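What follows is a single structure, written as structure tokens, with notes after it.
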Protein chains: 4
Amino acid sequence: MDATEATATATARTRGRPRSEAARQAILEATRALLEVTTVRDLTIETIAKQAGVSKSTIYRWWPNKAAIAIDAVEAIMPRSRLAKSKSVSAALTEQLVLLVEHYRGPYGRIVKELIAEGQTDPEVLAAFRDRFLLRRRTVARDLIEYGKSTGEFDAALNSDLACDIIYGPVYYRLLVAHLPLDDEFSRALPKQILVALHHPGIYGFSAHP
Amino acid sequence: MDATEATATATARTRGRPRSEAARQAILEATRALLEVTTVRDLTIETIAKQAGVSKSTIYRWWPNKAAIAIDAVEAIMPRSRLAKSKSVSAALTEQLVLLVEHYRGPYGRIVKELIAEGQTDPEVLAAFRDRFLLRRRTVARDLIEYGKSTGEFDAALNSDLACDIIYGPVYYRLLVAHLPLDDEFSRALPKQILVALHHPGIYGFSAHP
Amino acid sequence: MDATEATATATARTRGRPRSEAARQAILEATRALLEVTTVRDLTIETIAKQAGVSKSTIYRWWPNKAAIAIDAVEAIMPRSRLAKSKSVSAALTEQLVLLVEHYRGPYGRIVKELIAEGQTDPEVLAAFRDRFLLRRRTVARDLIEYGKSTGEFDAALNSDLACDIIYGPVYYRLLVAHLPLDDEFSRALPKQILVALHHPGIYGFSAHP
Amino acid sequence: MDATEATATATARTRGRPRSEAARQAILEATRALLEVTTVRDLTIETIAKQAGVSKSTIYRWWPNKAAIAIDAVEAIMPRSRLAKSKSVSAALTEQLVLLVEHYRGPYGRIVKELIAEGQTDPEVLAAFRDRFLLRRRTVARDLIEYGKSTGEFDAALNSDLACDIIYGPVYYRLLVAHLPLDDEFSRALPKQILVALHHPGIYGFSAHP
DNA sequence: CACTAAACGAGACGGTACGTCGAGTCTTGGA
DNA sequence: TCCAAGACTCGACGTACCGTCTCGTTTAGTG
């Protein structure tokens, strides 16, 4: 949990030499630059240190691993999902999905999937990335869905967590498995098909174990 | 492409000492054993060689990287998805989904996600894993859906690729992001909610760029 | 020269906070304690600071290196050679030699040889150690020899520096090279054999280059 | 014991790739070159590797520490003490002593004392250095002394180990403590004074504890 | 009593080398 | 031709101290 928050913790540390903000920035900047030409996997603490003109120990003092640095580095520049001001919740979700796919098609998508990959080895990394990236956007969607339920646009019994999985799942599935492209056709067809499910209660209950 | 097929290619090699089947089996067996106690990431060619009583060069002669070995090793023991004999396509899909989730909850799930993670770095690994694991099951589902379309159970205009993404996407999403568990509640609620979408045409078209 | 004397210089510093005697003692005490369980080589400024509850900079303010601290720390507890009150100079020297060997057999011997070793790298360390430890004892011996020359016990032409080397040399040789132990047999046989040489003039002059 | 002999052990190793003699020579050569400009203490495995164009692991595979490399490196080029063909044993010893002092005045002396210093920390290093350098020369002297005893030139009851310590001790004492120089005056006066002691039995027995 | 100046603790900083590990390659001898 | 054994280069790992630095906090004597 504190893995990558050390940075954020504005521990009113009054004793000792204060942390060098310049070094911190240099590290994040170097990491950003390196991530444009390498994968998170090939990223190296040694290289970051060299590129940032910083000693390795300074890096190790503040970050537990390279993924944590990458998360911090990328966070600032990651485009946030804004709450869409659309006529309906359905329209807002659609809009968001289109933007997300567009976004993931590019370099951010590469980093996102590399960080998820990195997280498969280290639960803390996955948790940090999830909480600081994925859940932010997901919360926006959840709130939208809850609102939709309250206005009657969606079925009142809808499980909004499940709904989020149905909305985002296919996107991450394609992002990570890459069996098919994250193209415009996908981002347009997907919400159309999905939203049907959100409007109706889940009636087709064919239990596997009847 | 040739990443993991070297093994399979029964190139009618006639000259020289024939490949040692014993060595091949020992390598796969050792890998299987090691995968029970380590992640794919922490798996090491050196360790496999030692455990299998085989030289490193023998491994490098036949496999391009550890993921390829892991895929070969795991393939044999991965439970195959059988075509469910249910009354309806919906029921069959539901049954499959329940089994998949159950399956991914255990040790296989761990290996699957680790291999997908490994694939983010190496496209060949991802392709090999996808083609030899994921697509097999997906093809079963696609065929089911196509059959459902022909019988009128599903909308005839349904894009079956998209349908597969909607079915499997949420599962892999939870598997990899781990924001919520792959529990029974999920595996039961998911198909109920999703199947609605597959029965109807994607009517709710709120284009983001009208 | 000033290497380890900074401590002593009671520079009539009048302004500012006076040097903390408590810190100084704590450092020396910690060093003494650490030297019982580690070698001078493995001694660390960082460890001393921690053990003494003192900041590194306080140490660096007053000592140039760890050997200097070790010298200061050990000086107080090193047994001094007392001028023996024997019937003859020969007996006095013998007595001194026996005590020295006895002394060097124990933990002090270890520290002495480690400090000499440390001095091979840093001339200032060697000089400081030599002047504050070795030369003290040597001076006692030299004075004895000079006295012996004046009473006729030793040959008047004897070079007393050379004589000291002949007396002490074998002891340090065994201490440092450790080819043979510093045992009682040695400390008893050595003066017997050596004193012969000091009584006679160096007559056997077989020049290597005649 | 095997610390530095790994090199020598012509283990009739028949399996696997044979050790690279080229690498071995490059390492020793690089070490020799570096020792001309740095101390043994400042010598670095990393630097040796770089200079020799060899990987660190190759060095670590064959030597346990830098002192062991230095010993191997220096051994070949260290001038051996030849058995002097003089009229008498006394003359031969004198000649040897003069040469030794001359020898230790230069760069070899520096390395010798640095290796002895290094040995104070690591008993294996000291043992290796002692056995392969110091004892060789000492053995020559011991044999000479024994011969002198047999011809009646020296006292028959003379302990030749003790005699060696008396001969060499003062030299190493000056070498290591550096209170006085290893000059010609020293090397000429020393044997003259010492040989007196070797001709007579150790008669002046002033026991410290009568 | 306030002022000043040095010493103090804490601890961050850029460095350097450590010894280890694994990757992937190469070189033998034997099957 | 394959295989085992194992030596090779390469490069990054994470750690440990180095000696320096920048703080905020004592702790005297001086004005």
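Because the structure is predicted, anything quoted here is derived from the model rather than measured. Just so it is clear: chains get the letters A, B, ... in the order the sequence lines come, proteins before strands, and each one is counted from 1.
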Fill in: salt bridge (Lys or Arg N to Asp or Glu O under 4.0 Å) against A/E36, all qualifying residues, sequence neighbours excluded
none
Would you kindly give the [atom1]-to-[atom2] distance between [X] and [N], to the nearest whole Å?
{"X": "D/R19", "N": "E/dT28", "atom1": "CZ", "atom2": "C1'", "answer": "16 Å"}
{"X": "C/I27", "N": "E/dG9", "atom1": "CD1", "atom2": "P", "answer": "8 Å"}
{"X": "C/Q25", "N": "E/dA7", "atom1": "CD", "atom2": "P", "answer": "18 Å"}
{"X": "B/I59", "N": "E/dG22", "atom1": "CD1", "atom2": "P", "answer": "13 Å"}
{"X": "B/R24", "N": "F/dA4", "atom1": "CZ", "atom2": "C1'", "answer": "20 Å"}

Worksheet item: In terms of side-chain geometry, is the basic nitrogen of D/K50 or D/E46 positioned less than 4.0 Å from the acidic oxygen of its partner?
Response: no
Worksheet item: Under 4.0 Å between a Lys/Arg side-chain N and an Asp/Glu carboxylate O for B/R24 and B/D72?
Response: no
Discussion item. Applying side chain to side chain contact (heavy atoms under 4.5 Å, CB included), can you list everything that pairs with C/T121, at least two apart in sequence or on another chain?
Written reply: D/R41
Practice prompt. Kindly write out the residues that satisfy side chain to side chain contact (heavy atoms under 4.5 Å, CB included) with C/E29, not counting sequence neighbours, or none if the list is empty.
Written response: C/R32
Fill in: Sidechain-backbone polar pair: B/E114 side chain, B/V40 backbone, donor-acceptor under 3.5 Å
yes
Discussion item. Treating D/T44 as the side-chain partner and D/T47 as the backbone partner, does any N or O pair qualify as donor plus acceptor under 3.5 Å?
Written reply: no
Discussion item. Check this one for me: any side-chain N or O of B/W62 less than 4.0 Å away from OP1 or OP2 of F/dC3?
Written reply: yes
Discussion item. Please confirm whether the shortest side-chain N or O distance from A/R61 to OP1 or OP2 of E/dC13 is below 4.0 Å.
Written reply: yes
Worksheet item: Can you give one letter per nucleotide of nucleotides 25-31 of chain F, 5' to 3': B if a protein heavy atom sits under 4.0 Å from the base, S if only from the sugar-phosphate, - if neither?
Response: -BBSSS-
Practice prompt. Would you mind telling me which of F/dT9, E/dG15, F/dT15 lies closest to the side-chain atoms of A/S57?
Written response: E/dG15
Worksheet item: Where the side chain of B/S20 is concerned, which of F/dT20, F/dC3, E/dG24 is the nearest nucleotide?
Response: F/dC3
Item to complete: Mind running a 4.0 Å heavy-atom check of residues 36-56 of chain D against DNA chain F and sending the residues that fall below it, in number order?
Response: D/G53, D/V54, D/S55
Worksheet item: Which residue lies toward the 5' end of DNA chain F, D/E21 or C/Y60, if each is placed at its nearest nucleotide?
Response: D/E21
Worksheet entry | 5'-most by nearest nucleotide on DNA chain F - A/K66 or B/T58 | B/T58
Response to the item:
Residues passing the side-chain hydrogen bond (donor to acceptor under 3.5 Å, both in side chains) test with B/K66, sequence neighbours excluded, are none
